[in-house]
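The structure appears right after this line, and notes come after that.
Order of listing sets the numbers, starting from 1, for every ligand and every atom in it.
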Amino acid sequence: MKIVKATYLISSPSFDLCPKLNLPEYAFIGRSNVGKSSIINALCQQKNLAKTSGTPGKTQLINHFEIISNSVAKGKQDKWYIVDLPGYGFAQVPLAVKKSWQQTIHDYLAKRTNLVVLVLLMDIRHPMTDLDVQMLNWAFDSNLPTQILLTKADKLKSSKVRSAQLGVERELREKYEGADHLFAVEPFSSLSGLGVKVLRKQMCEWLD
Ligand SMILES: Nc1nc2c(ncn2[C@@H]2O[C@H](COP(=O)(O)OP(=O)(O)OP(=O)(O)O)[C@@H](O)[C@H]2O)c(=O)[nH]1
Ligand SMILES: [Mg+2]
């Protein structure tokens, strides 16, 4: 799959204000500062498509991007959305705001019927936080296929990368019996490009 065009569409403060459900959609979610915007940029090969920042909590809206991709193998063009969801777990945010984000995300996961796959990002050095598990529970409850990316893998030696991946896979098997078909785990680095090709290939398969 080759992404031929990626454009920013709209930022919505709540689930009700999101674009119509007319195209398939992939949502990226994870703790604030985990590298969501960087992954979207790496995937689309555009440096500033999604705004990245050193300030956690920058993305507080549901951001839709419209993507046009070509599949050489299938000889066709596809149109779909990528969604940059608000980051969670940012300590400096008031409790009421955190609660409202959680509600927005829960509604989004439960009701956005054009959602094909959830891409859940976890820092490879601190995976499976309570809020990550909360997202996994919601995905499991909605029977929503979830690609887990262990981000910033460039920060660890390759042996540690492998053991982190195996650890998360083991925990998933223990927590969600019989859900092997729903969850997949890949290490990722926007900096080195590790995992980008695998993710593109995966996305192409999911589109069918
Ligand atoms: N070493 C390393 N740093 C990364 C990687 N991806 C992102 N970063 C850095 O992590 C910080 C946050 O990246 P963003 O892509 O803005 O993270 P985000 O999840 O979109 O953050 P919010 O929108 O604030 O929730 C930035 O300083 C990036 O440069 C990576 O693969 N490796
Ligand atoms: Mg962001």
Side-chain angles (χ1 to χ4, degrees), residues 3 6-14 18 25-67 81-95 97-106 108-109 117-136 139 146-162 164-165 168 185-200 202-203:
I3 291 177
T7 38
Y8 164 76
L9 196 63
I10 194 168
S11 296
S12 322
S14 72
C18 284
E25 163 163 322
Y26 297 84
F28 288 70
I29 197 166
R31 287 177 67 88
S32 47
N33 212 39
V34 73
K36 288 177 297 296
S37 302
S38 302
I39 285 196
I40 293 171
N41 291 339
L43 189 70
C44 299
Q45 293 172 298
Q46 281 189 35
K47 272 206 179 111
N48 296 311
L49 182 65
K51 295 203 174 53
T52 61
S53 80
T55 323
K58 186 163 166 80
T59 315
Q60 301 190 4
L61 298 162
I62 302 174
N63 302 300
H64 272 80
F65 301 89
E66 195 179 271
I67 314 294
Y81 293 132
I82 280 182
V83 183
D84 192 0
L85 287 169
Y88 49 78
F90 180 46
Q92 264 77 325
V93 171
L95 188 65
V97 177
K98 280 185 195 161
K99 287 241 155 97
S100 115
W101 283 6
Q102 287 204 33
Q103 187 62 48
T104 299
I105 291 166
H106 178 261
Y108 177 90
L109 295 183
V117 167
L118 180 67
V119 184
L120 173 62
L121 277 56
M122 308 195 277
D123 189 312
I124 195 160
R125 297 161 298 174
H126 322 282
M128 302 294 274
T129 65
D130 289 351
L131 283 168
D132 295 329
V133 172
Q134 174 84 79
M135 299 305 138
L136 287 166
T146 302
Q147 174 68 56
I148 294 159
L149 299 178
L150 303 175
T151 66
K152 308 191 185 183
D154 54 277
K155 300 258 191 194
L156 293 183
K157 285 191 194 143
S158 57
S159 58
K160 289 266 179 348
V161 167
R162 184 74 189 132
Q165 180 179 3
V168 171
V185 185
E186 282 294 331
F188 198 96
S189 167
S190 302
L191 215 65
S192 74
L194 176 75
V196 179
K197 270 194 187 153
V198 178
L199 181 62
R200 276 207 197 105
Q202 273 283 7
M203 293 188 118

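Take Y108 and apply the ring pair (Phe, Tyr, Trp, His ring centres under 6.0 Å) test, not counting sequence neighbours, and it matches no residue. Legend: residues meeting salt bridge (Lys or Arg N to Asp or Glu O under 4.0 Å) with R125, ordered by chain and number and at least two apart, are D123.
D132 is not listed as a side-chain neighbour of P127, based on a closest heavy-atom distance of 4.5 Å or more. Proximity of D84 to F65: side-chain heavy atoms (C-beta onward) are separated by under 4.5 Å at one or more points. Between H64 and C18, some side-chain heavy-atom pair lies under the 4.5 Å cut-off.
At least one heavy atom of S189 sits closer than 4.0 Å to an atom of ligand 1. Put simply, part of D154 is less than 4.0 Å from ligand 1, judged by heavy atoms.
The distance criterion of under 3.5 Å between nitrogen or oxygen atoms is not met by S32 with respect to ligand 1. Polar contact with ligand 1: absent for D84 (N/O pair, distance under 3.5 Å). The N/O atoms of F188, backbone and side chain alike, include none that comes under 3.5 Å of an N/O atom in ligand 1. Considering backbone and side-chain atoms together, G87 places no N or O closer than 3.5 Å to any N or O of ligand 1.
At a cut-off of 2.8 Å, S37 is counted among the residues with an N, O or S atom near the Mg ion (ligand 2).
Applying the 4.0 Å criterion to heavy atoms of K36 picks out, from ligand 1, the atoms 15 (O), 17 (O), 18 (P), 19 (O), 20 (O), 25 (O). Near S38, meaning under 4.0 Å from one of its heavy atoms, ligand 1 places the atoms 6 (N), 7 (C), 13 (O), 14 (P), 15 (O). Proximity to K155 (heavy-atom distance under 4.0 Å) selects the following atoms of ligand 1: 1 (N).
Of all the heavy atoms in S11 and L61, the pair that sits closest is CB-CD1, 3.7 Å.
Rounding to the nearest 0.5 Å places CE of M135 at 5.5 Å from CD of Q102.
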